[in-house]
Structure formats: C-alpha cells, structure tokens
Peer 1: 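Got a structure for you, questions after.
Since we're looking at a predicted model, the values are computed, not measured.
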Amino acid sequence: MISWLIGFLVTAIGFIAAVLAILDFWQKPLTQQFLQKKFGRKQKILITYSPPDSHIALILQKVFRKAEYDVFLEGEEIKPNSKKMAKIFKEIRSCDYLVIILSNSSLISETLALELNCAKSRKNDSSKQLGILPLFLDLDVAITVQNYSEYYKNLRGISAWQLQGKVGETSLNFFGQEIVNHIKQNQRFLPGDREWSIDWTSLPVSLPVTPVNLSPSTEKPLVNNSTELEFPEGLVPLSSLFYIKRLPIETQCYEAIERPYALIRIKAPQQMGKTSLMVRILEKAKNAGYRAVYIDLMAVNQGILQNPDKFLPWFCSKVGKELELQPRLEEYWDEAILGSNDNCTAYFEEYLLKKVPTLALGLDAVDRLFPHQEIAQDFFGLLRTWHEYGKSNEIWKNFRVVVAHSTEVDVTDITPDIHKSPFNVGLSIELSELTESQVQDLADLHQLRWTNNTVKRLMKMVGGHPYLIRLALYYIYQKKFTLEEILEKAPTDEGIYQKHLQRHLFVFENERNLAIVFKSILENKHSQAIPKRQQYKLKSMGLIKTENKAIIPRCNLYYQYFKNL
C-alpha cells in the first residue's frame, strides 16, 4: 500500500512539473536563459565603437557576458569595401541586439553610416527582431554636420541614452545592467523615460564640415529660424546641413580619389548635385594631403574656346593661378617645335607637379567643350594620356582628376579612337534622383513632420529632383507657402518654379527642332529613332528619362507646364 502511494505521488509530481513546463514555454518571454535552455543558443549582442572608446566596450562586454550573452566587439578602423566590412554586415544581420557607442571619435567614422544602414534594414523586420541601443558620449562637443543627416536618418524614432561626464567602471556597470534588465524583458529599444534618456535629434550641430575641436563659440544649433537656411541654388556648401548623401556613391568616390592616377567621372542632368559632390571629393583629397583645384569650364571666355591655340595655355595658367604659382609659360611653351598637348604636358611635369607633387584637379561642366571638336579632342585625349602615364610614371601617379558633365557622351563624338578618351576609364558615377527616404530626411532636417503620403504628394509633382524638392521645402519652412499652394501653382508662371521652367522654355524658343521632339515625347507620339544629340540635350536639361526602354518626361511638373508647347 505504501509503495503504491509513493508511486502515485511521484507520478503526480511529474505530471504537475510537465504542466508547469508547458505553461512556462507558452507564457515566458524569449529571455536569454529561456533561449539557452530550450534551444541551446545564446542571444548575441554586437557592440560597435571606435578604438578610443574600447575601454567602454570592454566593460560592457564583461557585464553582458556575465549575464550569459554572446558578445561580438567591432572597433577596428575598417575600409567600407573590405572583407572585414562584409563580416560586420554578416554579424549585424545575425545579432539580436546592436549596441552603438557614439562619441566624438566614432562620429567621424565613414563605416558607421554603412553599419547603421544595414541595421536600419532590419529594424522594421519583425521576423528578425533586431534591437538597436544607441549610447552617446562626450556630448559637450557638437555633432559634425557631415554626419548629422546620416544619424538622423538611421536613428530617427529610436530612443537613446546619454552617459554624461567622465564615464567610469561603476557607471558603466550600472548602465550595462540596466540594458541587461531591458533585454531580459524582451525590449528591443531603450526606454525614453529615464533621466539619462535624451532627444538626440535636438543636439547641437557644428560647423565647419571638417572635424575640428570646437569651442562653445563655434557651435551652431540645427536650423531654428529662417535666417539660418541658405537658399537652395547651385552648390550645396560644405557646411550645409542639407547635403544628402547618396551612399554608396560618396564612399566609392572617397576611396577612389586616394588611389594612384585616379580618374572620376560624374554625370547627371543640371541641378542634380554634380558640383556639390565634386567639392566634397576634393575636400576628401585635401584631408588626405593633396592640393585641390576646382575649375568651372562654364567660366571660360567664348573667345578662348574659338581658338584651339589659346585654350591649353589658358588651362595651364588657370591651374597655376589656383595653386598660387607665378605663370611661367614662356619658359616651358615651345610652339616652334612642340604641339600644344606636348607643351601642356611639359608645363605640368616640369613646373606645376614639381611644385605641387600631389594634385587633385576638379573640372566642372566639361561638356562646355563638346561642341568645340578640335579643342575637345586634344584636351580629353590629354586627360586620358595623363591617366595612362600614372600607371608607370611616378610624377603622374599622384595626379588625380574629377570631371563632371551633364550631357551624355558618345565617345566616338569626341574622338574616333576610344583609347584616347577619358570617358571609358576610371570610376563612372551617375547621380540619380532622391528616393522617398532621402526626401523624408530633408523634410525632417527642415523640421517638417511629414508623413510618407505628404512626401509622395510632392514627389508626384517633381519626382526626386534635389533642387526642386529643396526649393519647395525652403518656402514651406519659411512659411511663405503651404504644400497645397505650391502644388497648385507649380506648373504655372505664378509658382515657385517659374524661373526654372522659363529657363528651359527659353532654350526651346531658340531651338524649335528640340521643342518639337520634346512635344512628341509629351504626347507619347515619338518613335524610337529620336536623334541622339537631341536625346542627349533633353537629358542634360533634366527633362526626360528612360523607363522600361521608353523615353518619358522626368516628372509631372514638366508634362503639365510644357504640354501646350
């Protein structure tokens, strides 16, 4: 009887334990201990930081490992396109939590923006459940402008904690344990109701663009009144908040400009951001120890373009002047024996590059030369020759060139010999329109709390054209017009785009054949045999684009304004 009773009690206890285990499975959140017991897997935390902050990362690592988490530290200086970067992306895609230590040193990391992009792509994916936990340090110094828009875009809507003052082991243990507690509760983001929580988007933003040690007097807050907002015309200044990166384009260009005999070609229609990108590439070259020279070929006098014998001497003198060197053409220019190309090469080799051995040259609006066939053939052939020299000649190895043009190039139009053209070598970059996400970033930077539908309404009229987008945001921020007022009058001579549209109209009034072709595109009556030169012209004006092999107006604004052309 007693043995039977003991057996019954053992069975009952086992049954109750099984029931409790089942209830535990269904009701208990997926904490670290639960995952490890049920599935044999530890949750993984990736800590990303810059090397100067390694002591902070190591203390947090100890706290997380004590709580039995798998911790991966990423604190090396890694090039964006390296194999190590691919490993980081893999870790971000597989980890459960990403702890981001943001400080004065990490904020100048080129790879951090790429890591945040990768993390953001998982943030809204409920199946992968990535937790993003930003920790800010040293915020007595402002965030630098060139990084602000990247963090604003990728961390928008995510709570952050600030570790104030001198961060010691005691305080780090406290914050680390607080993070552990929230992870145990299966919380993916830091709560925003703690005394150390911050609204990081309200932090000050500093000038200039180059990272420097700022004093309080040089700090400048984010745009908060109309006087601080530059009119969106032409070049976006290096110090501007409103330059939107189109990654990975910037990363590719910044890496390329530091390679031997670099040649970068930027193509895009007018007012799409070519010059703004070029000056940032040149700024990158300056930071790498190069002398940078920017030359806008739109400023060349027509008389020089009409005389092939004048252009290359002008070019040499112009570069020398920008380098603050005395002109010495008479010493190196021998027209009796050598041609202009040879004289130009000798002037660079024997004078300019000996004085300035590391030179980065930016040539804007090179399509100004395209109609001048004799000059174009010689000059572009010269750029290609110098590029080839860099492969074997030490003098030319440290010479970099960036060219920008709005008109598409048929290499054979410049020179019949493709081996004498710079338009089929080097890094080719084509700037596209802004995406919805990038337009949303611009609206946020203008302190406009727009929904996705509001962004789409503006883009339905003007597409992702950077200048047209920024012009609308400028007037809305200034409270001169509402979005509804702008859209209503946009395709008229009473709207904010009047000057922009009339500039194109002036071209059509002087080139009636071009106007006829454009009208046929608007009416969808064109054939596939549109003359190549007229296609190039309309694309360089930014009026048309190719979509699914069909040529269509670039945006509704152009269709509505020019439909009665």
Peer 1: Distance from Asn510 atom CG to Leu505 atom CG, nearest 0.5 Å?
Peer 2: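 One gets 10.0 Å once the value is rounded to the nearest 0.5 Å.
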
Peer 1: Check for a donor-acceptor pair, side chain of Lys397 on one end and backbone N or O of Gly390 on the other, with a separation under 3.5 Å.
Peer 2: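 No.
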
Peer 1: Nearest heavy-atom pair of Ile249 and Leu431: which atoms, and what distance?
Peer 2: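 The answer is CD1-CD2, 3.9 Å.
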
Peer 1: Are Leu359 and Asn398 close enough that some pair of their side-chain heavy atoms sits under 4.5 Å apart?
Peer 2: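 The answer is no, as the side chains (C-beta and beyond) never meet within the 4.5 Å cut-off.
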
Peer 1: Quick one: does any side-chain atom of Asn343 pair with a main-chain N or O of Gly339 as donor and acceptor, under 3.5 Å?
Peer 2: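 Yes: the side chain of Asn343 pairs with the backbone of Gly339.
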
Peer 1: Is it true that Arg470 and Gln271 share a donor-acceptor pair across their side chains at a distance under 3.5 Å?
Peer 2: no

Peer 1: I would like to know whether Tyr389 and Thr345 meet side-chain contact (heavy atoms from CB on, under 4.5 Å); could you show each step before the answer?
Peer 2: CA-CA 11 Å; Tyr389 282 170; Thr345 298; 4.1 Å; yes

Peer 1: Once you round to the nearest 0.5 Å, how far does SG of Cys253 lie from CD1 of Ile257?
Peer 2: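 Between atom SG of Cys253 and atom CD1 of Ile257 there are 8.5 Å.
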
Peer 1: Just by distance, do the side chain of Gln438 and the backbone of Thr435 share a donor-acceptor pair under 3.5 Å?
Peer 2: yes

Peer 1: Less than 3.5 Å apart, any donor N or O on the side chain of Gln478 or Tyr474 sitting next to an acceptor on the other?
Peer 2: yes

Peer 1: Short question: side chain of Asn524, backbone of Ser520 - any donor-acceptor pair under 3.5 Å?
Peer 2: no

Peer 1: Using side-chain heavy atoms (C-beta onward) and a distance below 4.5 Å, is Ile244 in contact with Leu445?
Peer 2: yes

Peer 1: With ring centroids as reference points, do Tyr467 and His500 lie under 6.0 angstrom apart?
Peer 2: yes

Peer 1: Check for a donor-acceptor pair, side chain of Arg246 on one end and backbone N or O of Ser432 on the other, with a separation under 3.5 Å.
Peer 2: yes

Peer 1: For Thr358, does its backbone N or O pair with a side-chain atom of Arg400 as donor and acceptor, under 3.5 Å?
Peer 2: no

Peer 1: Before giving the answer on salt bridge (charged side-chain N to carboxylate O under 4.0 Å, His left out), spell out for Lys245 and Glu250 the whole-Å C-alpha distance, their side-chain angles and the decisive distance to 0.1 Å.
Peer 2: CA-CA 7 Å; Lys245 292 182 180 179; Glu250 281 82 1; over 6 Å; no

Peer 1: Under a 3.5 Å threshold, yes or no: a donor from one side chain and an acceptor from the other, between Thr546 and Lys539?
Peer 2: yes

Peer 1: Quick check against the 3.5 Å criterion: does Thr48 have a side-chain atom that pairs as donor or acceptor with the backbone of Ile100?
Peer 2: no

Peer 1: Give, for atom NZ of Lys318 and atom CG of Leu297, the distance between the pair rounded to the nearest 0.5 Å.
Peer 2: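 It comes to 10.0 Å.
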
Peer 1: Mind listing the closest non-hydrogen atom pair of Lys274 and His405 along with its distance?
Peer 2: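 Nearest heavy atoms, Lys274 then His405: CD-O, 3.4 Å.
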
Peer 1: Between Phe508 and Phe562, does the ring centroid distance fall short of 6.0 Å?
Peer 2: yes

Peer 1: Report the residues that fulfil salt bridge (charged side-chain N to carboxylate O under 4.0 Å, His left out) with Arg328, sequence neighbours left out, ordered by chain and then residue number.
Peer 2: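 By the salt bridge (charged side-chain N to carboxylate O under 4.0 Å, His left out) rule, Arg328 matches Glu331.
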
Peer 1: Does any part of the side chain of Leu325, heavy atoms only, come nearer than 4.5 Å to the side chain of Tyr351, both counted from C-beta?
Peer 2: yes

Peer 1: About how many Å separate CG of Leu434 and CE of Met272, when rounded to the nearest 0.5 Å?
Peer 2: 7.0 Å

Peer 1: For Glu349 and Lys354, what are the C-alpha separation, side-chain angles and deciding distance, and is it a salt bridge (charged side-chain N to carboxylate O under 4.0 Å, His left out)?
Peer 2: CA-CA 7 Å; Glu349 280 189 352; Lys354 282 193 174 181; over 6 Å; no

Peer 1: Give the ring-plane orientation class for Phe380 versus Phe423, where under 30° counts as parallel, over 60° as perpendicular and anything between as tilted.
Peer 2: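 Perpendicular, since the angle between the ring planes exceeds 60°.
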
Peer 1: Apply side-chain contact (heavy atoms from CB on, under 4.5 Å) to residues Val402 and Leu361 and explain how you reach the verdict.
Peer 2: CA-CA 6 Å; Val402 186; Leu361 179 62; over 6 Å; no

Peer 1: Less than 4.5 Å apart, any side-chain heavy atom of Leu514 and any of Leu538?
Peer 2: yes

Peer 1: Just by modelled atom types, is the Asp378 backbone N or O under 3.5 Å from a matching donor or acceptor in the Asn341 side chain?
Peer 2: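 Here the side-chain-to-backbone pair exists.
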
Peer 1: Is Glu330 atom CD crowded by more than 12 heavy atoms from other residues, nucleotides or ligands, each under 6.0 Å away?
Peer 2: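 Enclosed.
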
Peer 1: Nearest 0.5 Å, please: how far is CG in Leu557 from NE2 in His465?
Peer 2: 9.5 Å

Peer 1: How about OH on Tyr294, more than 12 heavy atoms from neighbouring residues, nucleotides or ligands closer than 6.0 Å, or not?
Peer 2: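 Above 12, so yes.
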
Peer 1: Mind checking what makes side-chain contact (heavy atoms from CB on, under 4.5 Å) contact with Lys286, not counting sequence neighbours?
Peer 2: Glu283, Ala292

Peer 1: On a heavy-atom basis, which atom in Gly320 and which in Leu352 lie closest, and how many Å separate them?
Peer 2: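 Gly320 and Leu352 have their closest heavy atoms at CA-CD2, 3.9 Å.
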
Peer 1: For residues Gly542 and Tyr558, report the shortest heavy-atom separation together with the two atoms involved.
Peer 2: O-CE1, 3.3 Å

Peer 1: Does Tyr497 use its side chain to pair, donor to acceptor, with the backbone of Leu468 at less than 3.5 Å?
Peer 2: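 Flag set: sc Tyr497 to bb Leu468 pair under 3.5 Å.
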
Peer 1: For a quick test of reading the model, state the closest non-hydrogen atom pair linking Leu312 to Phe379 and the distance between them.
Peer 2: CD2-CD1, 3.7 Å

Peer 1: For Val403, is there any backbone N or O sitting under 3.5 Å from a side-chain donor or acceptor partner on Arg265?
Peer 2: no

Peer 1: Under the criterion side-chain contact (heavy atoms from CB on, under 4.5 Å), I'd like the reasoning laid out for Trp386 against Phe348: C-alpha separation, chi angles, the key distance, then a yes or no.
Peer 2: CA-CA 10 Å; Trp386 291 349; Phe348 268 75; 3.7 Å; yes

Peer 1: Taking C-beta and beyond as the side chain, do Asn556 and Tyr559 meet within less than 4.5 Å on heavy atoms?
Peer 2: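 Asn556 vs Tyr559: side chains touch.
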
Peer 1: Any pair with a residue in residues 297-316 that passes side chain to side chain donor-acceptor pair (under 3.5 Å), sequence neighbours left out, goes on the list, sorted by first then second residue, please.
Peer 2: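 For residues 297-316, and leaving out neighbouring residues, the side chain to side chain donor-acceptor pair (under 3.5 Å) pairs sorted by first residue read Gln302-Arg368.
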
Peer 1: Testing the 3.5 Å rule here: is there a donor-acceptor pair between the side chains of Arg280 and Tyr243?
Peer 2: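 No, no side-chain donor-acceptor contact under 3.5 Å.
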
Peer 1: Look at atom CZ of Phe231 and say whether more than 12 heavy atoms of other residues, nucleotides or ligands are closer to it than 6.0 Å.
Peer 2: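 Buried by this count: over 12 neighbours within 6.0 Å.
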
Peer 1: Is there side-chain contact between His504 and Leu543, with at least one heavy-atom pair below 4.5 Å?
Peer 2: yes

Peer 1: Considering only heavy atoms from C-beta outward, does the side chain of Ile295 approach that of Val293 to under 4.5 Å?
Peer 2: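 Yes, side chains in contact.
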
Peer 1: Kindly indicate, with the supporting measurements, whether the criterion ring pair (Phe, Tyr, Trp, His ring centres under 6.0 Å) is fulfilled by Trp396 and Tyr261.
Peer 2: CA-CA 7 Å; Trp396 292 99; Tyr261 54 90; over 10 Å; no

Peer 1: Which distance, rounded to the nearest 0.5 Å, do you find between the CZ of Arg384 and the CG of Asn424?
Peer 2: 5.0 Å

Peer 1: Which is it for Gln498 and Thr492 under the side-chain contact (heavy atoms from CB on, under 4.5 Å) test, yes or no, and what are the steps along the way?
Peer 2: CA-CA 7 Å; Gln498 172 193 12; Thr492 72; over 6 Å; no

Peer 1: Flag the pair Cys344 / Cys316 as yes when at least one side-chain heavy-atom distance between them is below 4.5 Å, and no otherwise.
Peer 2: yes

Peer 1: On a heavy-atom basis, which atom in Glu433 and which in Gly464 lie closest, and how many Å separate them?
Peer 2: OE1-N, 3.1 Å

Peer 1: Answer with yes or no whether the side chains of Thr275 and Asp364 bring together a donor and an acceptor at under 3.5 Å.
Peer 2: yes

Peer 1: Suppose we call two aromatic rings close when their centres sit under 6.0 Å apart. Are Tyr347 and Phe315 close by that rule?
Peer 2: no

